[in-house]
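Structure first, then comments.
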Amino acid sequence: MPKMTRRGFLVGCSASIAAMAGARINQVVFADPGTAVNSDVLITVFLRGGCDALNLLPPIAGADRGHYVSARPELYVPNSGQGAALALNGQFGLHPSAGGLYDLFQDQKLAIVQAVGLHEDTRSHFDAMTYMELGTPGSKSSTTGWLTRHLQTSSAAGTHPLMPAVAANSLPQQSLVGNSNTTTMTDPDQFNLNVGPYSWREQHKSTLEQLYSANSSDLHEAGQQAIDVINAVDFGDFDNYQPGNGAVYPDNSFGRRLKMIAYLVKLDLGLQVANVDLGGWDTHDNQGDGSSGYFSDQVETLSQGLTAFYADLDGCNGTTHNKKVTVAVMSEFGRRLRENDDGGTDHGHGGMMMVLGQNVNGGLYGNWPGLATAQLYDNADLAVTTDFRRVLSEILVKRLGNNNLDQIFPSYTGYTPMNIVNGSSGVITPPQYGAHNVFLPMVANNSGGC
């Protein structure tokens, strides 16, 4: 294999290149790193299946503690003794398997928003996830996701960073639908040309580079840039990547994908947004008791993964990457207050969100509606008192410098910050409303570790 040149380090890729001769090559478009106006990065973590927010953040005192224990005699998290909830204040605690998240909360780096979600009356996974990821509750007609519209309308939209968006998945999540510049990747070690035997790929790549450099058409430039991304990712040597500060990721796909995103942040390829999923939260049966079992293992994976991710980025050769990274965790809905006869919980309504980062004002946020029957949604579920778009809007405006909320979240108005995050600059531009309440089509732009 020829020695990697400096040019190989300064360039980058998209998973669309997997079929290099295919028609999708003209959608793979990147440009030089370091040109983005705003260098902040948003990582979204989607807990697919409907996370049981009432056991992740159980009430530990007061009247609602009584309602909670009465409704969940087999599933409730104890508030004392072995396996007790980790008290956040006098009223709520974290699940005992979330020790890493508890420490981040105590350090004021983790914000938890209670009773958050969709106001739509749906308990359908498909509908709820679509509404959230398109950013259009009540409508599934948009051809672009909310993160796609953010990328289109941000101050960095015309700078063409090398790798603006990454979906840590086999296919892009719906929040990035319509964005032809999304790199879809599950493992950097496997991120290469999928043409013929492995031993041929370097020669194929060299031949394609010569072919694409022979002309300056959009197709040739896009092909060259796609190969460049492969070179950049390959140069970083993910297989031998050592996380910072001794961070240990969970040994599963969630941990590996978070580790991959941290690695890409450190490569400085112009990453602006990244998505990662953690599935398995549809706990209709065998959820486990309050402190152990299946749900407890899920919480442990989530906590260990996010804790390792934060530690990994908290200083690297003198660079604290956490200064520019914000993590938003969400799920399509919560679970019913009352446990079912199968040792689980059914689809509910209100849930929770978490926001993690060095510029996060840690603490509990949102209006708690209560668990008395008259306070429940449909007499069964935690009510929603905070629209999920309010949380995301604050991150967009304050951290990513994008105030075009009317385009990112059509039909959502009246945003006010909850002061979950600090602004990336001294001046925060008020959000825009009413001027462009339309769904934007995605137009391909064909201009040219630590």
Side-chain angles (χ1 to χ4, degrees), residues 47 50-80 84-96 98 101-102 105 110-123 128 131-132 137 281 283-284 287 289-291 295 299 329-340 344-355 361-392 394 414-420:
L47 309 181
C51 174
D52 184 5
L54 290 173
N55 264 26
L56 184 53
L57 186 73
I60 58 174
D64 284 331
R65 176 66 186 181
H67 298 314
Y68 167 74
V69 172
S70 176
R72 298 186 170 203
E74 302 298 326
L75 298 184
Y76 75 87
V77 178
N79 58 1
S80 63
L86 306 170
L88 301 178
N89 57 20
Q91 188 178 3
F92 295 97
L94 266 179
H95 192 281
L101 293 176
Y102 176 78
F105 183 92
L110 178 69
I112 301 173
V113 188
Q114 302 171 294
V116 67
L118 292 159
H119 288 292
E120 272 60 34
D121 183 14
T122 181
R123 292 186 179 86
Y131 291 154
M132 278 190 150
W281 298 92
T283 51
H284 287 285
Q287 186 169 324
D289 63 30
S291 301
F295 182 81
V299 173
V329 183
M330 66 191 78
S331 189
E332 66 265 35
F333 44 60
R335 315 296 294 187
R336 290 280 177 97
L337 169 60
R338 187 165 299 280
E339 65 185 48
N340 61 31
T345 49
D346 297 323
H347 298 179
H349 193 57
M352 66 180 293
M353 289 181 68
M354 294 186 286
V355 183
N361 299 313
L364 285 176
Y365 292 82
N367 297 319
W368 178 252
L371 297 181
T373 300
Q375 296 170 320
L376 297 173
Y377 176 81
D378 201 23
N379 295 324
D381 308 327
L382 181 68
V384 171
T385 59
T386 298
D387 192 303
F388 76 101
R389 293 170 293 183
R390 184 181 182 188
V391 180
L392 297 176
E394 181 169 345
Y415 156 73
T416 55
M418 302 176 75
N419 296 318
I420 293 172

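When atom types are taken as modelled, the side chain of E332 and the backbone of G50 share a donor-acceptor pair closer than 3.5 angstrom. H347 places a side-chain N or O within 3.5 Å of a backbone atom of R123 that can act as its donor or acceptor partner. Distance alone, capped at 3.5 Å, is enough to place a donor-acceptor pair between the E394 side chain and the M418 backbone. A donor-acceptor pair is defined here as one N or O able to donate and one able to accept, closer than 3.5 Å; such a pair exists between the side chain of N340 and the backbone of H284. At least one donor-acceptor pair under 3.5 Å links the side chain of N361 to the backbone N or O of N419.
To the nearest 0.5 angstrom, L337 atom CG is 11.0 Å from N379 atom CG. The SG atom of C51 lies 10.0 Å from the CG atom of L57; values are rounded to the nearest 0.5 Å. Atom CG of residue L75 and atom CG of residue L54 lie 11.0 Å apart, to the nearest 0.5 angstrom. Once rounded to the nearest 0.5 Å, the distance linking CG of L392 with CE of M330 reads 4.5 Å. Rounding to the nearest 0.5 Å gives a distance of 9.0 Å between CD of E74 and CG of D289. Distance check: L376 CG to H349 NE2 gives 11.0 Å after rounding to the nearest 0.5 Å.
Using a 4.5 Å heavy-atom cutoff, the side chains of I112 and L101 are not in contact. Using a 4.5 Å cut-off on side-chain heavy atoms (C-beta onward), T386 and Y365 make no contact. A 4.5 Å side-chain heavy-atom check between Y377 and P369 finds every atom pair outside the cut-off.
Within a 6.0 Å sphere centred on CZ of R338, heavy atoms belonging to other residues, nucleotides or ligands number 12 at most. Applying the 6.0 Å contact sphere to CZ of F105 captures more than 12 heavy atoms from other residues, nucleotides or ligands.
Summarising the geometry of R65 relative to N79, their closest heavy-atom pair is NH2-N, 3.3 Å, with the distance given to 0.1 Å. For the residue pair E120 and P137, the shortest heavy atom distance occurs at OE1-CB, 3.1 Å. Taking every heavy atom of both residues into account, N367 and A115 meet most closely at O-CB, 3.8 Å. Taking all atoms of both residues into account, the shortest heavy-atom contact from A128 to F333 is CB-CD2, 3.9 Å. For the residue pair I60 and A87, the shortest heavy atom distance occurs at CD1-CB, 3.8 Å.
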- request: Start with the C-alpha distance between Y68 and N55, add both sets of side-chain angles, then the distance that settles side chain to side chain contact (heavy atoms under 4.5 Å, CB included), and finish with yes or no.
  value: CA-CA 9 Å; Y68 167 74; N55 264 26; 2.6 Å; yes
message: Set out, in order, the CA-CA distance, both residues' side-chain angles and the distance that settles side chain to side chain contact (heavy atoms under 4.5 Å, CB included) for T416 and R390, then state yes or no.
response: CA-CA 7 Å; T416 55; R390 184 181 182 188; 3.0 Å; yes
- request: Given side chain to side chain contact (heavy atoms under 4.5 Å, CB included), test L118 with V384 step by step and report yes or no.
  value: CA-CA 7 Å; L118 292 159; V384 171; 5.9 Å; no
field: Derivation of the side chain to side chain contact (heavy atoms under 4.5 Å, CB included) call for L88 and Y102
entry: CA-CA 8 Å; L88 301 178; Y102 176 78; 3.8 Å; yes
task: Under the side-chain hydrogen bond (donor to acceptor under 3.5 Å, both in side chains) rule, what do D387 and Y415 come out as? Steps first, then yes or no, please.
output: CA-CA 10 Å; D387 192 303; Y415 156 73; over 6 Å; no
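Taking the six-membered ring where tryptophan is involved, the planes of F92 and W368 are perpendicular, since the angle between them exceeds 60° and thus also 30°.
For the side-chain hydrogen bond (donor to acceptor under 3.5 Å, both in side chains) test with T345, the passing option among Q287, R336, E339 is Q287; the others fail.
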